[in-house]
Amino acid sequence: MTQVIGGFAALELHPNILAAVIATGYEEPSAIQTLSIPVILAGHDMIGQAQTGTGKTAAFALPILSRIDPAKRQPQALILAPTRELALQVASAFETYAKQMPGVSVIAVYGGAPMGPQLKAIRNGAQIIVATPGRLVDHLRRDEKVLSTVCHLVLDEADEMLKLGFMDDLEVIFKGLPAERQTVLFSATLPHSIRSIAEKHLRDPKHVKVETKTQTVTAIEQAHLLVHADQKVSAVLRLLEVEEFDALIAFVRTKQATLDLAAALEAKGYKAAALNGDIAQNQRERVIESLKDGRLDIVVATDVAARGLDVPRITHVMNVDMPYDPESYVHRIGRTGRAGRTGRALLLVTPRERRMLQVIERVTGQKVAEVRLPDAAAVLTARIKKLTNALAPLVGDAETTHGELLDRLTADIGCTPRALAAALLRKATNGQALTLAEVEREQPLVPNGGAPRGERSERPERSGERSERSERGEPRERRAPVPLADGRARCRTALGLRDGIAAKNLLGAILNEGGLVREAIGRIQVRESFSLVELPEDGLERLLTKLKDTRVAGKQLKLRRYRED
Ligand code: ADP
Ligand code: MG
């Protein structure tokens with residue numbers, strides 16, 4: 001194995017937990033994880049202090065899961081979180097990390113949902129309870145023994161809990177817990193009120209603190225762009241058309257994503273390669289050398305794999321996936337702007353990640369301006385500029401060397417020099433779209449197949465929000481029907497929101513079983529009781545036959561051609 005996996009492997013987590021972490025795609029523990037995991041595994045009480053987004057959940061979830069006894073079907077760990085959203089997030093993180101631990105179950109306990117099922121899940125042997133304090137106190141009132149077997153307590157975002165007025169509830173909960181237990185407290189800040197809780201309820205706690213230094217990144221021009229998660233690859237391709245980069249490093253979160261994006265870039269003719277923790281050291285060095293000497297222009301990397309990478313040619317850093325903490329953002333963008341040059345850093349932000357953007361802005365003390373996806377006109381201008389730059393140096397003394405040949409050819413063919421030059425251009429540009437109409441028609445420019453120059457393509461985050469809202473079944477604004485792009489057919493399935501379908505499920509099924517590329521599939525609209533998908537007209541019948549037995553969310557897809565009249 002590579003030294004990278006050693007990062008988590010060195011922490012002595014339960015082997016099945018370690019396997020789940022690796023499957024999640026994490027390559028290396030964050031600072032708070034490296035420091036907290038051994039302390040919690042050793043059974044100490046602990047006070048952990050670190051900023052939002054530094055990976056605190058795994059810092060306590062991994063060691064606690066490693067110490068759970070799956071055979072005992074009773075509550076063993078209690079995690080308190082300030083809000084329902086955070087409780088759900090923490091519960092789902094526990095589920096992810098416990099995927100390879102059969103017999104471990106997690107229950108989220110929060111207000112606004114019926115108490116009965118929550119209590120039942122606890123009695124049925126959930127070992128991990130993630131709760132908001134208020135609702136947990138309600139449960140304690142009904143059954144004062146409910147927490148009597150808990151031996152690990154975590155107060156997550158303790159300062160937030162106190163701000164929300166949960167002090168009294170916390171005291172009630174402490175009384176309902178066995179005195180013999182491990183208590184871990186995480187907080188971004190340690191005001192007096194938290195210290196006094198710690199003094200009263202923690203035993204000889206170890207302090208673990210990760211400082212977030214404000215970092216200056218002045219030589220780097222930063223911008224962000226709102227995109228929907230499934231439009232990231234198209235957005236990257238489009239940005240690359242207009243960004244004038246020398247060498248570029250693109251950051252993603254998982255190994256698989258390094259491979260996928262590098263492949264998509266290569267397919268578009270970029271000299272690109274992936275760099276991740278699975279790549280052997282000598283191969284890694286080859287990639288970096290190639291980036292240095294220009295045999296490669298783009299490297300798609302995970303944070304770990306790009307550590308220490310120093311290539312002065314890098315003019316651009318593209319954060320395709322959000323970094324998992326502000327420090328790694330600063331590290332990432334520090335790959336450019338080296339040796340006193342200026343660099344440019346672009347950050348793709350999905351609608352749900354806007355909070356992380358704010359954290360980054362706070363920590364770096366800088367605004368990261370919003371830019372929009374370049375439209376077709378901008379793409380065309382950039383292409384023509386590149387062509388001009390490529391051709392201009394070729395003109396030189398070409399007329400002296402090849403002028404006579406040109407005269408002869410035009411005479412032989414019986415055409416004008418302009419006609420011949422145009423033919424040569426067509427050959428040299430190899431079918432690339434070089435008129436506005438053609439660029440607008442290009443699929444990757446309009447990831448969801450909407451109107452090419454309409455609001456949708458210019459403000460992808462809006463369309464993202466809209467579809468998120470409509471997926472939740474809330475009223476959506478009325479829109480004129482979007483005209484179908486050339487060569488596309490609209491198909492319908494009777495599966496919709498009420499069947500638990502989301503656009504990504506349909507997309508996944510059609511890509512996997514239909515053998516299409518992403519660009520071949522146009523807009524996907526998911527409604528309450530049906531969904532519409534735009535597919536290529538060419539070969540449609542064959543495709544529909546192929547998809548005949550496809551199931552999505554356990555139900556037959558039964559995709560048919562849809563006629564609006
Ligand atoms: P915090 O509680 O400190 O605000 P979270 O625990 O919510 O932070 O983690 C923030 C994000 O970072 C999550 O999306 C999580 O999946 C991711 N993450 C945590 N640890 C790692 C890691 N070691 N490698 C990659 N991503 C990580
Ligand atoms: Mg957290």
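Both counts, for ligands and for their atoms, begin at 1 and track the order of listing. We use all heavy atoms of the structure for the numbers below, so side chains are in, but hydrogens, waters and symmetry mates are not.
- On a distance-only criterion, Y324 and ligand 1 share no N/O pair closer than 3.5 Å.
- Short contacts between ligand 1 and F8, defined as distances under 4.0 Å to a heavy atom of the residue, involve ligand atoms 23 (N).
- There is a side-chain donor-acceptor pair under 3.5 Å between H316 and E243.
- At least one N or O atom of K56 sits closer than 3.5 Å to an N or O atom of ligand 1.
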Exercise. Checking side chain to side chain contact (heavy atoms under 4.5 Å, CB included) for the pair F186/S36: CA distance, chi angles, key distance, verdict?
Worked result: CA-CA 10 Å; F186 276 99; S36 310; 4.0 Å; yes
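- With a 4.0 Å heavy-atom cut-off, ligand 1 is reached by no atom of F60.
- Interface of E28 with ligand 1, defined as ligand atoms under 4.0 Å from a residue heavy atom, comprises 22 (C), 23 (N), 24 (N).
- Defined by atom type and a distance below 3.5 Å, a donor-acceptor pair is present between the side-chain atoms of T350 and E353.
- Using a 4.0 Å cut-off between charged side-chain N and carboxylate O, D45 and R203 make no salt bridge.
- Side chains of I333 and N319 form a contact here, defined as non-hydrogen atoms less than 4.5 Å apart.
- In summary, the atoms of ligand 1 found under 4.0 Å from a heavy atom of T57, numbered by their order in the structure, are 2 (O), 5 (P), 6 (O), 7 (O).
- In terms of N/O distances under 3.5 Å, ligand 1 is approached by Q33.
- Each of the atoms 14 (O), 17 (C) of ligand 1 lies under 4.0 Å from some heavy atom of R253.
- With rounding to the nearest 0.5 Å, the separation of CD in Q283 from CD1 in I288 is 10.5 Å.
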